[in-house]
Each structure stands twice: as C-alpha cells, then as structure tokens.
Amino acid sequence: MSDLIQILLAGITIGVVYALVAGGLNLIFGVFDVLNAAHGEFIMLGAFTTYQLWSEGLHPLLTLPISAVAMFLLGIVVQLVFVEPVLKSSTIISFILLFGLGAVIRSLTLLIAGANDRVVFHYQGSVEIFGAFISKGRLTVLAVAVPLLVATHVYLKYSRLGVATKATAEHADIAEACGINVRLVRLLTMGIAAALAGVAGSLIAFLFPVNAQTGFTFIIIAFVVAVVGGLGNFYGSILAGILIGVAQALVGFYIDSELSLGVSYLALVVVLLVRPTGLLGVKAVA
Amino acid sequence: MRNRWSLVFVLLTALALVATACGDSTEVTVTSVVTETETVTSVVTSVVTETETVAAEPIRVGGSVSLAGFNAAVGEEFLRGLELWRDMINNGTGIYEGRETVGLLGRPVELVFSNDESSSEAALRTYERLITQEGVDFIFPPFGSGATGTIAPIAEREQKALIATTASAETIYEQGLSYIVMGVSPSSKYIGRAPEIMAEQGFATAAFLTLNNPFTLASSDFLRGEIEALDGGAVLSEDLFEFATNDFTAILTGVGAASPDVIVIQAFGTQAVTIYNQMADLGVDAPMIVMSAGAWRDDVFLAGAGVAKAECLIADHHWNPNDDIAGNAEFAAGYAEKYGSIATIGSDPSPAMGLTYGQLLTYAVDAIGESAIDDQSQIIDFLRNTDGLQTVLGLQTFDPETGKNTALTPSLIQFQGGERVIVWPPEVAQGDVMLPCAPLAGRPEVVTEG
C-alpha cells in the first residue's frame, strides 16, 4: 500500500508540473489559436534562472517570482515581436516561426552556457506519509504548483481580465466590439502562460538536473497533455497532466520503467482516435 | 473544425518525429559551429607550443573530445591526458620504461580536435572530416563506448588504428573489426569483483539499476552471471533507464520492495547523483551499494550526494597516481603543474586514459617506424600480439582476434571517512571492507553548495 501511495504522489507531482506547462499552452491556443512551439524555452530559461540565482546564494523559493516575472516579460516580447505580426496567418505559420525561435534560443543557450547538466542541490531528505516517502523537493513542488493552478483558475473565473480572456477565447470579434482590448488580452495571456512555464522550469530544477534540452524534453509531453486534455482547455490540461503523470509512474512501477514515457503517447493516440477534441471537449478557456 | 484538428495532429506528429529522430540534433547544429572554432584554436595553440621545441613537420593526431554535455567533465580530463602525452613526448619525457626519444618518429606531436559536446553524431562527422579532408596521421578515440562504437566503422573503412582507451563495451569488439584494440578494462570487469565481496560477506541477492547503454549493459550481464553463481544468489529486480530519465521513483520503489542485499547502480555523472539522492529521499537502501563509473568525480558525485551519503559506497578503481610505473610520476607532476591538483586514488581515471592512448600508440610506432602511418594494420598487429605493455592503467594484453583487453581488471574502492580506500582484492587492499552500511536516509544532510 505504501508503495502505491509513493508512486501516486510521485505521479501527481510530475503531473502538476505537466499541468503548469500544458495549461499555458492551452491558454494561448484557447485565446488566439497559436500552438506555441517555443514554450519549452520558457521552461528551460526558468530552470536556468533558478539555478543561476540559487548558485549565487538565493534560496530556491525566492527565485520563483523572479523566474515568473522574467518569463512574463519575455513572453510579452515574444508576443509583440513574433506572434502579433503573423496572427492573421494560418496556425502552421506561427507554429513554424515559434519552433524556429525555440531552436534559436536553445542553440544560443548551448553556445553561452554549454550543454552541461546543472543541479540545484538544495532539497535533501524526505517526509514519511502513511509509510510512503515523499521528498522535500516534491513536496515543495506540490506546495507551489497547486496554489498556482488555483490562482490561475481564480484569475480566469473572477477577475475582470480573466473574464475578458474568456470572452476573447469564445469570440474575439464580439469581445472587441464590446470594448475589450483584445490585443492586451493576448499580450497578458502570453505573459501569464510564459510565467507559468518559467515557474514550472524552476520547479523542475528543484527535482532534476537541467540543461539546454530540458524545455524540449518537457514540451513534447506538455503538447501531449494539452491535446489529451483538450486543446484550448486550461482545466483539461490539469486533468490530463495529473492522469498522465500518474499513469507514467504506475506503468514504470508495475510494468516496465522503459515503457513509462510510452504510455503518454499511447494516451495521445487513443484520445485522437476516440475523442479528438480531448477529455474536456472543445476549445474553452474555462 | 475537422481541418483544424487534422492540422494540429500533423503538427504534433512532426514535432514528435523531430524529438524522437533528432534527439540531439539541435545540439549537433550548434556543435558544428563550436567545432570549427575549437579546431582552429587547438591547432593554433598546438603549433605555438610545439614550434618552441621541434622544427620538423608535426605528426598530427586528431579526434573529437567531449567538452560539453553528458561527458563534459570526463571528456576534459581525457583531453588533458592527451595534452600531457603530447607535451611529454615533445619534451622527451619518458613515455615508457627506457624511452628517451624526443617526439614521435623524430617529429613533434600536434593534437587536432573538435568538441563533439557528447554527441556521437558530431563525433562521427569530426572523424570523417579529420581523416578524409584534413588527413591526420593518427586518430585518438572519442569519449565513451557509444561514440567509439559509432566511429569505429569509419576507422575500419579508412584503415586507421583505433586505440580505444575510453570504450569498455565488449560488444564493440565482437563485430569482427580489425583496426581496433581496447586499451582499457572491459566494462564487465569494472565492478566485476563485487560478487567476490558479496560472497565474503554472505550477501546473495541484488537489484540492478542500469543505464541502457552498451557499457553498462555488458557490466550488468557479467554481474548477473557472477551473482547467480553465488550460493542462493539471485538478481531480484533489474531496471533499465535512458539518459533522459530523471525521475527514478517507480524504479526505486520496486527496488525497495525487493529488499536486496546489494544495490548495483550503473550510471554516470549527474544521473548517478540523482539516483543516489532519490534513493536516500525514498528510504531505499541495502547493506551494500555498488556503483560503476558514476562515483569517479568529486566535483560531481561528492558535491552532489555529499560526503556523508557517499560513505560506504563501493566503486571501481583504475588508476593510482602514486603507482610506481614508468611515466606515472612525471605525468602526475605535469598534471599538477598544468592543471592544478592531481586526482586522488580511485577517482576519475580519464587523464590516465588519455596518456594510455599515447603510450600504446608510442609503443607501436616506435616498434614499427615510419610505415606505421601509412599501414596502420601494423599498429593493431603489434598491439594485439605483444603481451604485457606497461601503461599507467596497468599491464595491457589484447586478444589477437578481437582486440579486447585481457589483462586489466580494476580493483574496488570504498568511501571511508571521506576518502577512497582500496578494499578489494585483498592483495592490493589498503583497508578492510566496512559492511553493512549505515542507512542512507539517516545520514546528515550536508550538501548546500552548487
């Protein structure tokens, strides 16, 4: 029983990280139909920010807001410079453009920082819960990621900007006609999504070695999570993130660790065949 | 709507294909940029250094080195070993017993290298270029079994002797290649003596955590046979993982449930640290823990796991800078002078692997003469048919058919009081094996530095 609890906790932890990343992807797609192929680079840069600041002596938790703000600003720059000019083109144009941008950022990071792993050796030891051990690092990730997802929900559901975001997602033209500054909504959406990815990257650095490829590794799974949950649906990404995280952990434990990544792609294939709109249906931010 | 979903599917499929087929292709793209710069820099550096000593046309020895990525730390040390060999041979320092000649074939040695950033594909391109375009006289190996296995067919095709001092995976040598020798211990023997300690201590069961790599798989295969031959011996759980794996919770939970006497970890670098730390976090433990290659470096393993957690771990030992072997003292002194302090007993043998490459090449070229450059089958014939060549890694003898090393068998060290102490085999031991180990999870948390 304790083994099962341990596996479930591990799966949920990684699942909420997937949810943070995929949630951002879905916000962007939900609001302005762009598949952000450079999203992984926000993760990687967030992780590097945390590593760098921690190695300068800052507590890892204190690096989170810095990472979030830095990625928020970078997200806005990316939106202004790269996304807005091609917004009226097809989805594939923005996808390829952002894919190229991501590759450039990754290559520059490799050139500047090298390809070496970086490890935040801070969280050591674990806590015992019903006979199961959960590391302090994972607990910290849960303690940060879950409230952050809740806060995003509150923002979307109750704030004026959140309501404007929902309205823009449902029908941008009508929203604009009603006086909503759609361009501002898009900017904020990209900024928030990038900030979520940055924090996710920081949290990943709490648990695992990070390098210039870290974002690329996670973004593949995040896209899978986004599709399985329902592209454009923020809550679908939370559900799918946790389901896939847990499924990976269970398969790794009960079947074979080599198959744990494969289970997420199996889920993708099944969902695309059976319910192509994803678990939580058609595009809807909330 | 249907069209949009089709588009999404196509885009995701394309992305997945890029991710799976070109796992390190983005790295490769950058590598090629770095590569050229590194090569130019290294050649210029070498020329400046060597014109001070010998004026003749240099012997150009080329290859790829891993100065970034997964093998960055060991790759840099390997390069240092090569550079020290170059310096020693150009200065007339004895490379082996009785050798006082300056240079190789009376000419200075020049190293030509590119940074492959631990990418086998980048290494492959480097060797293609060095051999077919730049026309280097000899090649040195890239770092590791993976890259060496990748470039070995190039060496075979171009008839270049590949003295592989960093490639321990036996599978490379079982393909009928005729231009390769294994200048290092076979991977099966790295921690191959651990079952002897198990037998002495009355331990019979083990759990394996093995990186899916030719080097580590060969080691696990050998250990499995040895452990199953013990009285009551059994491998209770065996898990493979990939270079990209970083969450070991599922694997370790299974290992914990199996309650083995011994946990065998076959991983490198930060991945070895991650496994070890997650073991401690999850309370997964055993009376004896053995690690192959992952505990070589203080700046990676000890810094990452901490001295307290490293205590009692048993690991492989290849090179002792204090051994009384021709060239060893000069090598250690040269290393200290050029790069700072020399490695300690049982730590990273990569510099010694670099020098060993040079020693074996020097033995062969000295014996053969000028024709060794154009007919490198002679180098392999010489090495495969000459017993007991003394190198800093030990006496080397090769299987005449395959080129596999038949002489080197590493001893084992154990971390005791923050030091590496040779504990096995008894005839070379500096101290007794201290087992069983105290629980990992109860040890002090000491790591705060990056």
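Basis for what follows: all heavy atoms, side chains included, without hydrogens, waters or symmetry-related copies. Residue numbers start from 1 in every chain, and the chains themselves are labelled A, B, ... in the order their sequence lines are given, proteins ahead of strands.
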- Message: Does any backbone or side-chain atom of B:Asn277 lie under 4.5 Å from a heavy atom of chain A? Answer side chain, backbone, both or neither.
- Response: side chain
- Message: With a 4.5 angstrom heavy-atom cut-off, is it the side chain or the backbone of B:Val284 that approaches chain A, or both, or neither?
- Response: neither
- Does any non-hydrogen side-chain atom of A:Phe48 lie less than 4.5 Å from one of A:Arg118? yes
- Query: Do you know which of A:Leu97, A:Val34, A:Leu101 makes side-chain contact (heavy atoms from CB on, under 4.5 Å) with A:Val83?
  - Reply: A:Val34
- Item | Under 3.5 Å donor-acceptor, B:Thr210 side chain and B:Leu240 backbone | no
- With only heavy atoms counted, which part of B:Gln278 is less than 4.5 Å from chain A, the side chain, the backbone, both or neither? side chain
- Message: Taking side chain as everything from C-beta outward and backbone as N, CA, C, O, which of these in A:Leu9 sits under 4.5 Å from a heavy atom of chain B? Side chain, backbone, both or neither.
- Response: neither
- Message: Please check this pair: side chain of B:Tyr276 against backbone of B:Lys309, looking for a donor-acceptor N/O pair closer than 3.5 Å.
- Response: yes
- Bottom line for B:Asn212: the part with an atom under 4.5 Å from chain A's heavy atoms is side chain
- Search all heavy atoms of A:Val228 against all heavy atoms of A:Val271 and return the closest pair with its distance. CG1-CG2, 3.9 Å
- B:Glu76 with B:Arg80: basic N within carboxylate O range, under 4.0 Å: yes
- Query: Can you tell which of A:Phe133, A:Tyr254, A:Phe208, A:Tyr123 has the highest number of heavy-atom pairs within less than 4.5 Å of chain B?
  - Reply: A:Phe208
- Portion of B:Thr249 that has a non-hydrogen atom of chain A nearer than 4.5 angstrom: both
- Option that, when pairs with chain A are counted at under 4.5 Å, heavy atom only, ranks first among B:Asp247, B:Val273, B:Ile251: B:Asp247
